[in-house]
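Shown next, in structure tokens, is the structure this report addresses.
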Amino acid sequence: MKIQEMNRFAIFCGTYNLLMGGAKDFRESVETLEAAHKVANQIAKTEVFKQWVQIFDKKTDELTTYTIVDGELKEEECK
């Protein structure tokens, strides 16, 4: 079996954000930030039981967290 390398931007989503993360919340990885936002917006519009989306840039170690409100992404402020 051939193992596929993960792309630069990893997208995670879930119902409850327990800040523990994990493989079960992983959705997919994509090569560009634009593609990551496209996937995140699609999740917000179609996944009615999802409450949050995260985009992780594995090159810079930056994580952006969004709350889903009425099918739209709302970026959370850093705490």
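Worth knowing before you read on, the calculation uses all heavy atoms, side chains too, and leaves out hydrogens, waters and symmetry mates. In what follows, residues are counted from 1 in the order of the sequence shown.
- Qualifying ring pair (Phe, Tyr, Trp, His ring centres under 6.0 Å) partners for F56, counting only residues two or more places apart in sequence or in other chains: none.
- How far OG1 of T67 is from NZ of K74: 10.0 Å, rounded to the nearest 0.5 Å.
- For E34, the CD atom sits in a loose shell: 12 or fewer heavy atoms of surrounding residues, nucleotides or ligands are nearer than 6.0 Å.
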Give the table of side-chain donor-acceptor pairs shorter than 3.5 Å for residues 38-47, with sequence neighbours excluded, one pair per line with atom names and distance.
from: N41; atom 1: ND2; to: H37; atom 2: O; distance (Å): 2.9
from: T46; atom 1: OG1; to: Q42; atom 2: O; distance (Å): 2.7
from: E47; atom 1: OE2; to: R27; atom 2: NH2; distance (Å): 2.8

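- Not a single side chain to side chain donor-acceptor pair (under 3.5 Å) links T32 to another residue, sequence neighbours left out.
- Under a 3.5 Å cut-off, the side chain of S29 and the backbone N or O of A10 do not form any donor-acceptor pair.
- Applying the salt bridge (Lys or Arg N to Asp or Glu O under 4.0 Å) test to every pair with at least one member in residues 53-66, sequence neighbours left out, gives these pairs: R8-D57.
- Between the CG atom of L63 and the OG1 atom of T60 there is a distance of 10.0 Å, given to the nearest 0.5 Å.
- Linking ILVMFWY side-chain heavy atoms closer than 4.5 Å, directly or via other members, places L33 and V53 in a single hydrophobic cluster.
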Verdict with supporting geometry, T65 and Q54, side-chain hydrogen bond (donor to acceptor under 3.5 Å, both in side chains): CA-CA 4 Å; T65 301; Q54 293 176 329; 3.2 Å; yes

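- Side-chain contact between Y66 and I68 is absent, with no heavy atoms from C-beta onward closer than 4.5 Å.
- Counting heavy atoms from C-beta outward, T64 and E75 have side chains that approach closer than 4.5 Å.
- Put simply, F9 and W52 are part of two different groups of oily side chains (I, L, V, M, F, W, Y) that touch within less than 4.5 Å, one to the next.
- Two residues are said to be in side-chain contact when any heavy atoms from C-beta on lie closer than 4.5 Å; F26 and M6 meet this criterion.
- Clustering of Ile, Leu, Val, Met, Phe, Trp and Tyr by side-chain heavy atoms under 4.5 Å joins V48 with F49.
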